[in-house]
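For reference, the structure is listed below as structure tokens.
First listed ligand is number 1; within each ligand, the first listed atom is number 1. Quick caveat: nothing in here was measured; it's all calculated off a predicted structure. Residues: numbered from 1 along the sequence shown.
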Amino acid sequence: MDKILVLDFGGQYNQLIARRVRAAHVFAEIKPYNTISPEDVKASGYRGIIFTGGPHSVYAPDAPRCEKELLSLDIPILGICYGHQLLAFLAGGEIAPAKDGSEYGKTEVRLQKSVLFDGVPENTVCWMSHTDAVQCLPKGFHAIADTAQCAVAAMADDARKLYGVQFHPEVTHTVCGERILQNFLFDVCGCSADWQMQNVAQQLIAQYQKDLAGKKVLLALSGGVDSSVAAVLLQKAIGENLICVFVDHGLLRKGEGDFVERTFRDQFGVRLVRVNAEDWFLLSLRGVTDPEQKRKIIGEAFIRVFEKEATALGQIDVLAQGTIYPDVIESGKGDAAVIKSHHNVGGLPARMGFSQVIEPLRDLFKDEVRKIGEALGLPRELVWRQPFPGPGLGVRILGEITKEKLTLLREADAIFRETVDALEQKPSQYFAVLTESRSVGVMGDARTYGYTVVLRAVTTDDFMTAAWTRLPYEALEKASSRITNEVRGITRVVFDITSKPPATVEWE
Ligand code: XMP
């Protein structure tokens with residue numbers, strides 16, 4: 001399989017570069033610039049290298065720089081933004097602050113004939129974000145694009161297959177960015193488009209059939225996308241030797257536990273142990289109101305219950321986790337085993353002394369995990385489900401968590417989700433929160449006194465920032481009226497109009 005190295009110099013769009021390459025069906029790996037030597041790059045068989053952007057100036061004393069030898073490996077290179085300047089610098093060119101100051105935002109660019117710009121109009125729009133610029137081209141290079149402010153908006157040394165673009169082809173504001181990246185991948189590097197999720201799933205299954213023959217594997221199944229896809233993948237590889245433990249902590253949404261059990265046990269024939277640990281969790285949480293303490297208690301109780309079940313199951317050889325690629329990248333160390341604290345059970349391998357931990361999805365982005373899920377036949381509602389926090393409804397009940405409050409929230413949340421599900425345009429995440437505040441209401445002729453529920457809906461790409469979703473008034477009215485009519489104990493419904501930042505998505 002052909003692969004591309006994305007050499008990371010600290011730019012904010014680096015994951016996006018790898019995702020765009022993979023969207024073109026070529027495998028891309030991100031490595032911090034200082035973690036791989038030219039010898040290793042050569043030995044790894046990369047078909048091309050992309051130098052990413054980054055916030056530095058190449059002459060700064062702490063500027064991240066890779067070794068110059070990378071340019072002589074006979075592997076094509078595409079430098080982007082800082083990567084373009086670094087490439088020019090390493091090849092002997094000169095960089096300096098741009099004469100007219102920074103160039104930022106959508107910018108008209110004029111392109112010359114080049115293999116990189118094949119099929120792209122001569123005049124187009126690109127996304128710029130830079131202060132420095134290439135002032136003096138290195139030997140062997142010529143400029144292949146310019147803007148009003150930047151004489152070397154792109155450069156090429158066709159003989160050595162070295163290319164640089166000052167703009168960002170990976171962001172959608174660069175109108176033909178996708179085509180430019182594809183030209184590099186296919187016409188310059190000669191890659192084949194063989195990174196297809198169907199094949200990846202089959203390869204992983206075949207590999208685990210071999211590697212895990214005769215071994216017993218344990219997986220903590222949360223019902224989230226990642227652990228679900230990992231479960232089905234491994235089940236197809238090793239069948240009965242995979243045991244999934246699903247801890248029902250009583251903080252799940254309405255019908256969720258049964259749905260997970262039905263899907264995995266009945267539909268996929270997964271060997272599933274469902275642990276009903278609601279009483280244990282609620283007992284541990286009794287009287288606790290502090291959000292951080294709640295999270296800690298839930299995490300700790302999870303580990304306890306899981307350990308107990310694992311011990312009861314007898315000899316287990318391998319622990320499987322649903323770690324995905326962004327977690328691996330964020331760890332900053334290319335190949336450290338990352339224990340994802342969200343969907344998985346943080347701290348388990350060290351505590352339980354597993355001799356082997358496997359992470360079948362560690363090379364995959366979320367959208368790729370979803371494609372594999374679809375290829376393996378997982379139901380759409382599972383593959384495309386909105387995120388649900390590990391501590392579950394525990395972070396959506398303010399104050400003490402009780403069985404009564406859980407019942408109220410579950411019902412209100414189910415009504416709200418049902419209402420939003422009927423809309424054509426859905427937010428990225430939508431749910432209900434139960435507050436501690438109670439207020440007076442009137443029903444029939446009688447006075448009522450009950451809880452206030454908050455409806456929350458956000459739209460976001462990455463959950464790092466999020467905008468509150470402008471839901472239609474009709475949908476809000478429908479949800480409000482159904483909740484106050486159907487859920488005894490809730491007298492008031494409010495809608496959260498705070499974005500992130502300053503708020504977070506969850507209330508606790
Ligand atoms: P916040 O509240 O941090 O949420 O803005 C961002 C996204 O992360 C989810 N979230 C969690 N997911 N375990 C999880 O698995 C957690 O402890 C947790 N806390 C927040 C949240 O639902 C949102 O999608």
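- Proximity to Lys500 (heavy-atom distance under 4.0 Å) selects the following atoms of ligand 1: 1 (P), 3 (O), 5 (O), 6 (C).
- Polar contact check, Pro389 against ligand 1: no nitrogen or oxygen pair lies under 3.5 Å apart.
- For Glu374 and Arg370, the salt-bridge test fails: no basic side-chain N is under 4.0 Å from an acidic carboxylate O.
- In this structure, Lys478 places its NZ atom where only 12 or fewer heavy-atom neighbours from other residues, nucleotides or ligands lie under 6.0 Å away.
- A donor and an acceptor atom, one from each side chain of Lys426 and Gln386, are nowhere located under 3.5 Å apart.
- With ligand atoms numbered from 1 in the order given, ligand 1 contributes 16 (C), 17 (O), 18 (C), 19 (N) to contacts under 4.0 Å with heavy atoms of Arg295.
- Comparing Gln386, Glu506, Glu508 by heavy-atom distance to atom 22 (O) of ligand 1, the nearest is Glu506.
- Taking every non-hydrogen atom of Pro387 and a distance limit under 4.0 Å, the qualifying atoms of ligand 1 come out as 24 (O).
- Qualifying side-chain contact (heavy atoms from CB on, under 4.5 Å) partners for Arg410, counting only residues two or more places apart in sequence or in other chains: Lys254, Leu393, Leu406.
- Remark: ligand 1 atoms within the under-4.0 Å shell around heavy atoms of Thr504 are 1 (P), 2 (O), 5 (O).
- Considering backbone and side-chain N/O atoms, Pro391 never comes within less than 3.5 Å of an N/O atom of ligand 1.
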Donor-acceptor pairs under 3.5 angstrom involving side-chain atoms of residues 495-508: please list them, not counting sequence neighbours.
unit_1, atom_1, unit_2, atom_2, d
Asp496, OD1, Thr498, N, 2.9
Asp496, OD1, Thr498, OG1, 2.6
Asp496, OD2, Arg456, NE, 3.2
Asp496, OD2, Arg456, NH1, 3.3
Asp496, OD2, Trp507, NE1, 2.9
Ser499, OG, Trp468, N, 3.2
Lys500, NZ, Phe463, O, 2.8
Thr504, OG1, Glu506, O, 2.6
Glu506, OE1, Arg396, NE, 2.8
Glu506, OE2, Arg396, NH2, 2.8
Glu508, OE1, Lys294, NZ, 3.0
Glu508, OE2, Lys294, NZ, 3.3

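- Heavy atoms from other residues, nucleotides or ligands lying under 6.0 Å from CD of Glu178 number 12 at most.
- For the residues Asp226, Thr460, Val505, the heavy atom positioned nearest atom 1 (P) of ligand 1 is part of Val505.
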